[in-house]
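Note sheet for the following structure.
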Amino acid sequence: MDSLIVTGGQRLEGRVRAGGAKNAALPILASTLLGEGECTISNLPQVRDVATMMTLLSLLGVSVKQEEGRAVIDATHVQSLEAPYDLVKTMRASILVLGPLLARFGEAVVSLPGGCAIGPRPVDFHLDGLRKLGATVSVDYGYIRAHAPKLEGQRIDFEVPTVTGTENLLMAACLAKGTTVINNAAMEPEIVDLADFLIKRGARISGAGSGRLVIEGVSALRGADHEVIPDRIEAGTYVMAGAMTGGRVEVDQCVPEHLEVVTSKLKQCGANLSEGTRSITIEAGSRLQAQDVQTFPYPGFPTDLQAQMMALMCLAEGTSVITELVFAGRFLHVPELQRMGAVIAVDGHRAVVKGLGRLTGAPVMASDLRASAALLLAGLAAEGETRISRIYHLERGYERIEDKLQSLGASVRREGSGYGSGDGTSDLL
């Protein structure tokens, strides 16, 4: 099993490019199941989760031709309507094939998903929404079984915004008869990107990026070409790396508007930030000041940057309160940061961080994707050497992260058997 060895204290400086958004690529790839014809998807990040989705599509009989950062996908001749446990257990986003398969073929069998251990993320919103569209849905022996000769448009009201729930029902509604309205829909940029791709294929969608989606069902979708948006979480991670190491880092090929709440918070902390049309630059100033952070669905502070922000607050001056309102149990990185000298007290969904201005290297273990990134950032800023184990979590969402950090002057290297060790599951805690 691979580890990353990080020697802290190096000031990061230079330019780094954000890759394609994993969380946009996954639903876009799943949505190719909705119709016939070739779809060319570019700016695909080369990460484990994308590879898993490609494998799942191939298993279903989809033609997948890959090259670096690009794939040509043709779902004309789907041969299977079942997504098995052995594959789905490694990635929760596998459930995104449920809506497209059901809408196009009238049935689907999908294993209950796995993924990062960051608390319960029930699929009830997905299943209840599909039932409202006319599907018969049951869960037996760990599998979701759905059947519907033809979905029919309805009004769906989410109790709380759900990203994958919105995506699954958005895709299903594209081929439903009549009009579907999704209220309290998630507003993330990745959902807008999915809607843009579906519209290119002939879907009739309005309201993407707002809390109300309106979908007029069509009889079929065609092929289309699409470029995945940049990854705002990767971009935000590199911006925080620059802040934590006292360096100057320009993150290129990103969308600053997607990170406004993050850059605003960093400015409140005292960071010097400037933004271009497609770039964000952070330059070290005086020691950062602690600020309270509360995660919330977009356009709020993203839960996927909470762990990285906590690592940064360990170095800030003062005490901060970090409140996690999106996922229960997303503080698994706290004990590992404490091993590095952090002073953090957790009370339910709140963590109180006393910024001491320094961390020390230690052997730590990653528990999930974003916790991995937080520990890596902490290691970059810590005194001495940090060994991070179970980095297969990191590979799920960050493309060649050690190479990119090395290009900025970081001292980080990989030890072990190479990429791909570990099965990517999160049940080994």
Side-chain angles (χ1 to χ4, degrees), residues 1-2 22-23 25-34 41 44-66 71 73-75 77-102 104-105 107-124 126-127 130 137-147 164-165 167-168 171 332 365-369 371-372 389-399 416-429:
M1 188 177 297
D2 285 10
K22 172 186 80 84
N23 290 338
L26 296 176
I28 286 170
L29 290 171
S31 75
T32 60
L33 290 163
L34 282 168
I41 314 298
L44 284 170
Q46 296 180 71
V47 297
R48 185 190 294 271
D49 276 8
V50 168
T52 299
M53 183 62 79
M54 297 281 204
T55 300
L56 177 55
L57 291 176
S58 297
L59 189 66
L60 297 175
V62 176
S63 171
V64 179
K65 301 175 183 177
Q66 301 180 60
I73 300 172
D74 190 338
H77 303 294
V78 172
Q79 298 172 353
S80 172
L81 303 180
E82 179 175 333
Y85 169 74
D86 284 346
L87 198 58
V88 175
K89 70 177 181 179
T90 67
M91 183 182 69
R92 293 193 64 87
S94 301
I95 198 175
L96 290 171
V97 304
L98 176 62
L101 287 175
L102 179 63
R104 182 176 168 198
F105 299 103
E107 60 181 296
V109 179
V110 179
S111 170
L112 288 170
C116 280
I118 56 175
R121 292 184 281 178
V123 299
D124 293 351
H126 303 242
L127 307 190
L130 292 175
V137 184
S138 62
V139 179
D140 302 304
Y141 303 102
Y143 277 82
I144 301 166
R145 302 178 187 275
H147 177 79
T164 54
E167 291 165 344
N168 232 337
M171 291 185 285
L332 294 176
M365 180 176 63
S367 57
D368 61 74
L369 170 56
S372 306
S389 60
R390 292 184 182 169
I391 61 165
Y392 53 78
H393 291 294
L394 195 66
E395 296 167 2
R396 290 187 50 230
Y398 290 91
E399 177 183 334
S417 57
Y419 285 96
S421 62
D423 66 358
T425 60
S426 59
D427 53 351
L428 305 172
L429 296 178

So, taking the atom named CD1 in Ile28 and the one named CE in Met171, what distance separates them when rounded to the nearest 0.5 Å?
10.0 Å

Looking only at heavy atoms, which two atoms of Val137 and Ala146 are closest? And how far apart?
CG2-CB, 4.1 Å

With sequence neighbours excluded, what pairs up with Thr32 under the side chain to side chain donor-acceptor pair (under 3.5 Å) test?
none

Residue list, side chain to side chain contact (heavy atoms under 4.5 Å, CB included) with Ala30, at least two apart or on another chain
Met53, Leu96, Val97

Quick one: CD on Glu167 to CD1 on Ile95, what's the gap to the nearest 0.5 Å?
11.5 Å

Rounding to 0.5 Å, atoms CG (Leu81) and CG (Leu33) come to a distance of 9.5 Å

My understanding is that only residues two or more places apart in sequence, or in another chain, count here; which of them pass side chain to side chain contact (heavy atoms under 4.5 Å, CB included) with Val109?
Glu82, Tyr143, Arg145

Looking only at non-hydrogen atoms, find the nearest pair between Ala108 and Leu101 and report the distance.
CB-CB, 3.7 Å

Kindly state each residue pair satisfying side-chain hydrogen bond (donor to acceptor under 3.5 Å, both in side chains) with at least one member in residues 49-64, sequence neighbours excluded.
Lys22-Asp49, Asp49-Arg396

Which heavy atom of Gln46 sits nearest a heavy atom of Glu399, and at what distance?
N-OE1, 2.9 Å

Can you tell me how far apart OG (Ser372) and CZ (Arg390) are? Round to the nearest 0.5 Å.
10.5 Å

Sub-4.5 Å side-chain heavy-atom contact between Val123 and Asn168
no

Let me see the working for Val62 and Val78 under side chain to side chain contact (heavy atoms under 4.5 Å, CB included), right down to the final yes or no.
CA-CA 6 Å; Val62 176; Val78 172; 4.2 Å; yes

Does the side chain to side chain contact (heavy atoms under 4.5 Å, CB included) test come out yes or no for Leu127 and Leu98, once each step is laid out?
CA-CA 10 Å; Leu127 307 190; Leu98 176 62; 4.0 Å; yes

Are Val88 and Leu112 packed together at the side-chain level, in the sense that at least one heavy-atom pair is separated by less than 4.5 angstrom?
no

I would like to know whether Met91 and Leu26 meet side chain to side chain contact (heavy atoms under 4.5 Å, CB included); could you show each step before the answer?
CA-CA 10 Å; Met91 183 182 69; Leu26 296 176; 4.1 Å; yes

Between OH on residue Tyr392 and CG on residue Leu369, distance to nearest 0.5 Å
12.5 Å

List for me each residue that meets side chain to side chain donor-acceptor pair (under 3.5 Å) alongside Asp86, sequence neighbours excluded, and say none if there are none.
none

One pair to check against side chain to side chain contact (heavy atoms under 4.5 Å, CB included): Met54 and Leu44. What are the steps and the verdict?
CA-CA 11 Å; Met54 297 281 204; Leu44 284 170; 3.6 Å; yes

dist Ile391:CD1 -> Asp2:CG (nearest 0.5 Å) comes out at 5.0 Å

Partners meeting side chain to side chain contact (heavy atoms under 4.5 Å, CB included) with Ala371 (sequence neighbours left out)
His333, Ser367, Asp368

Identify the heavy atoms of Ala25 and Val50 that sit nearest to each other, and give their distance.
CB-CG2, 4.2 Å

